[in-house]
Enquirer: 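Sharing a structure with you now.
Quick caveat, the model's predicted, so the values are computed rather than measured. Quick note: numbers below take in every heavy atom, side chains included, and nothing from hydrogens, waters or symmetry partners. We count ligands from 1, going down the list as the structure has it; atoms in each ligand are counted the same way.
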Amino acid sequence: MNVLIVGSGGREHALAYSVAKSDKVDKIYCAPGNAGIAELAELVPIDSMEFEKLADFAQEKEIGLTIIGMDAPLVGGIVDVFEKRGLRVFGPRKNAAILEGSKVFSKNLMKKYQIPTAAYENFDSAEAALAYLETSNYPIVLKADGLALGKGALICNTKEEAKDGIKTLMLDKQFGSAGDKIVIEEFLIGREVSVLCYCDGTTILPMTSAQDHKRAKDNDEGLNTGGMGTFSPSPFYTKEVDAFCRKYIYQPSMDAMKAEGRDFVGIMFVGLILTKEGPKVLEYNARFGDPETQVVLPRMKNDIITVMEACIDGTLDKIDLQFEENACVCVVLASEGYPLEYEKGKVITGFENFKNKDGYYVFHAGTKKTEEGIVTNGGRVLGVTAKGSDLKQARKNAYAATEWISFENKYMRHDIGKAIDEAVDGIASN
Ligand code: AMP
Ligand code: GLY
């Protein structure tokens, strides 16, 4: 079959890589894609928000499955447009993607169905939110209701910071209408874990765990980013934690969406925090994570097309998800300055070092092919990824491979997976 992937990041490159391994696939297209994806797929110059044009393309090229990588088209209803045309598409419909599209919706859902999460209040006026600050404890967390490129959560240590935060979100509208409403929630302490789950509306199958590193600088300092690196599996996500989450979080989330008439088909990404009182949900996303996908999919043994078709057909209960007994680490190479201002157009060299190296991957994010060669074209440029027999080995391999790539203004964190040492050395509570 022909497959169309919608998106242009490292996540979509990792998806393309997995799709290319499937015996069921003849040709891959990617809209709009990037320079790395171009090696596996034909790039299609259609924007991810042009749903009708994408559906026209899918009809014309007889696409058997379209996979939506990004949040904005899902929240905007791309799946509904494709389904109306009788096209097979992997991802939740608009009425289910709201699980990511509105924090107010997801918090209210968790409250209604008693899914563990931080205590919270919703606000649709800055006045009421400011008044609430007078009686709050600190730190406190403010969250824009809508999509904000992963940057809409503000952790405020003092009342003054929280006042500034409310101004930023609700009055200055830094994230536009995403800040019309906000959630103010309790600050939780614990290890964060991301679990991406396949869903068919009834059955939910969690994949192996991963941990992201959201802050720009080492030791979790600096601004929040889309993610600076990941590792999988998380040693903190023990069998006991997994059993708890399946019983009290994953299946109840799935059932809650069904009960609301919003059957969730696609990937439910559950962002967890492992607190002293047990795991709680920090957020849901309605799609694969970036850069979680880069460390999870290379370890998955199943044919990805078979699993995605089972989600669409409602037969996920027949699938036995299997992962390799190893580990994977992804270190993001970014442009110096990200997530604020940075320069683009720097020539990148060293890709040939990854040729024929089993277990090493260089997933492209912000790259572009020009006459000069492949150049930087975004904040997060590449996700250098490596497997290893265990997490320590995978981290060693990934950091060694970061040296194979050169470009001006190359920036990375040097402590991706540092938490692993604590787990291995026995400091962690598990
Ligand atoms: P979110 O967009 O909701 O995932 O939030 C982004 C990041 O902010 C999370 O990955 C956490 O690091 C942090 N965060 C969000 N909510 C809380 C919370 N209630 N307590 C502590 N940290 C949080
Ligand atoms: N890595 C976090 C996300 O994809 O939202």
Enquirer: Pull out every atom of ligand 1 sitting under 4.0 Å from any heavy atom of F187, numbered as shown with elements.
Expert: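 Selected atoms, number and element: 20 (N), 21 (C).
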Enquirer: Taking only heavy atoms of E185 into account, list the atoms of ligand 1 that are under 4.0 Å away from them.
Expert: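 Counting from 1, the qualifying ligand atoms are 16 (N), 17 (C), 18 (C), 19 (N).
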Enquirer: Give yes or no for whether the N/O distance cutoff of 3.5 Å, strictly under, is met between D290 and ligand 2.
Expert: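 Yes.
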Enquirer: Any N/O of N224 closer than 3.5 Å to an N/O of ligand 1?
Expert: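 No - when backbone and side-chain N and O of N224 are compared with those of ligand 1, no distance drops under 3.5 Å.
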Enquirer: Measure the CG-CG distance between L205 and L196 for me, rounded to the nearest 0.5 Å.
Expert: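 Here the interatomic distance stands at 13.0 Å.
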Enquirer: Please round to the nearest 0.5 Å and tell me the distance separating atom CD1 of I189 and atom CD of E277.
Expert: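 Atom-to-atom, I189:CD1 and E277:CD are 9.5 Å apart.
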Enquirer: Within a reach of under 6.0 Å around NZ of K53, are more than 12 heavy atoms found that belong to other residues, nucleotides or ligands?
Expert: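 At most 12 heavy atoms, drawn from other residues, nucleotides or ligands, come within 6.0 Å of this atom.
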Enquirer: Which residue owns the protein heavy atom closest to atom 23 (C) of ligand 1, what's the atom, and how far is it?
Expert: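 Of every protein heavy atom, L282 CD2, 4.0 Å lies nearest to atom 23 (C) of ligand 1.
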Enquirer: Any salt bridge linking R413 with D220? Criterion: basic side-chain nitrogen under 4.0 Å from a carboxylate oxygen.
Expert: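 Salt bridge: yes.
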Enquirer: Considering only non-hydrogen protein atoms, determine which one is nearest to atom 6 (C) of ligand 1 and report residue, atom name and distance to 0.1 Å.
Expert: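 In this structure, atom 6 (C) of ligand 1 has A153 CB, 3.7 Å as its nearest protein heavy atom.
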Enquirer: Under 4.0 Å from a heavy atom of D212: give me the atoms of ligand 2 that qualify, with their elements.
Expert: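 Selected atoms, number and element: 1 (N), 2 (C).
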Enquirer: Roughly how far, to the nearest 0.5 Å, is the CE atom of M110 from the OG atom of S253?
Expert: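 Reported value, rounded in 0.5 Å steps: 7.5 Å.
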Enquirer: Note the single closest protein heavy atom to atom 9 (C) of ligand 1, along with its residue, its atom name and the distance in Å.
Expert: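 Result for atom 9 (C) of ligand 1: E192 OE1, 3.5 Å.
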Enquirer: Give the atom numbers and elements of ligand 1 that come within less than 4.0 Å of a heavy atom of V141.
Expert: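 Selected atoms, number and element: 16 (N), 17 (C), 18 (C), 19 (N), 20 (N).
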Enquirer: Could you tell me, atom by atom, which parts of ligand 1 come under 4.0 Å of a heavy atom of K214?
Expert: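 Answer, ordered by atom number: 10 (O).
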Enquirer: Could you check whether K387 pairs with E324 (Lys NZ or Arg NE/NH1/NH2 to Asp/Glu carboxylate O, under 4.0 Å)?
Expert: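 Yes, K387 and E324 are salt-bridged.
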Enquirer: Enumerate the atoms of ligand 1 whose separation from the nearest heavy atom of K103 is less than 4.0 angstrom.
Expert: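 It comes down to these atoms of ligand 1: 1 (P), 2 (O), 3 (O).
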Enquirer: Return the closest protein heavy atom for atom 5 (O) of ligand 2 as residue, atom name and distance.
Expert: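 For atom 5 (O) of ligand 2, the nearest protein heavy atom is R287 NH2, 2.9 Å.
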Enquirer: Considering residues, nucleotides and ligands other than K410, do more than 12 of their heavy atoms fall under 6.0 Å from its NZ?
Expert: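 Correct, the count exceeds 12.
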Enquirer: Any chance NZ of K368 has more than 12 other-residue heavy atoms, nucleotides or ligands included, within less than 6.0 Å?
Expert: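 At most 12 heavy atoms, drawn from other residues, nucleotides or ligands, come within 6.0 Å of this atom.
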Enquirer: Can you tell me which portion of E186 lies within the under-4.0 Å heavy-atom range of ligand 1? Options are side chain, backbone, both, or neither.
Expert: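 Backbone only.
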Enquirer: Out of curiosity, K167 NZ to D172 CG, how far, rounded to the nearest 0.5 Å?
Expert: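 Answer rounded to 0.5 Å: 3.5 Å.
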Enquirer: Check ligand 1 against K143 and write out every atom of the ligand that is under 4.0 Å from a heavy-atom position of the residue.
Expert: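 Counting from 1, the qualifying ligand atoms are 3 (O), 15 (C), 16 (N).
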Enquirer: Can we say K103 and E185 salt-bridge, meaning some charged N sits less than 4.0 Å from an Asp/Glu carboxylate O?
Expert: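 Between E185 and K103 there is no salt bridge, as every charged N stays at least 4.0 Å from the carboxylate O atoms.
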Enquirer: Under 4.0 Å from a heavy atom of G289: give me the atoms of ligand 2 that qualify, with their elements.
Expert: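 In order of number, 4 (O).
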Enquirer: Report, in ascending order of atom number, the atoms of ligand 1 lying under 4.0 Å from any heavy atom of I155.
Expert: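 Reading through ligand 1 atom by atom, the close ones are 13 (C), 22 (N).
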Enquirer: Quick check on contacts: which atoms of ligand 2 are under 4.0 angstrom from a heavy atom of N285?
Expert: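 The list of qualifying atoms is 5 (O).
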Enquirer: Answer with yes or no whether G226 contacts ligand 2, where contact means a heavy atom under 4.0 Å from a ligand atom.
Expert: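 The answer is yes: ligand 2 sits under 4.0 Å from a heavy atom of G226.
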Enquirer: Report the distance from atom CG of L382 to atom CD1 of I348, rounding to the nearest 0.5 Å.
Expert: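 So the CG of L382 and the CD1 of I348 are separated by 5.0 Å.
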Enquirer: Assess whether atom NZ of K239 is packed by more than 12 heavy atoms of other residues, nucleotides or ligands within 6.0 Å.
Expert: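 Check fails, neighbour count at 12 or below.
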Enquirer: Looking at E292, which atoms of ligand 2 are within less than 4.0 Å of one of its heavy atoms?
Expert: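 That gives atoms 1 (N), 2 (C), 4 (O) of ligand 2.
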Enquirer: Can you tell me which portion of R11 lies within the under-4.0 Å heavy-atom range of ligand 2? Options are side chain, backbone, both, or neither.
Expert: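 Within the 4.0 Å criterion, R11 makes no contact with ligand 2.
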Enquirer: Under 6.0 Å from the OH atom of Y248, do we count more than 12 heavy atoms belonging to anything else shown?
Expert: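 Open: at most 12 neighbouring heavy atoms sit under 6.0 Å from OH of Y248.
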Enquirer: How close does the nearest protein non-hydrogen atom get to atom 21 (C) of ligand 1, and which residue and atom is it?
Expert: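 Minimum-distance protein heavy atom for atom 21 (C) of ligand 1 reads L188 O, 3.2 Å.
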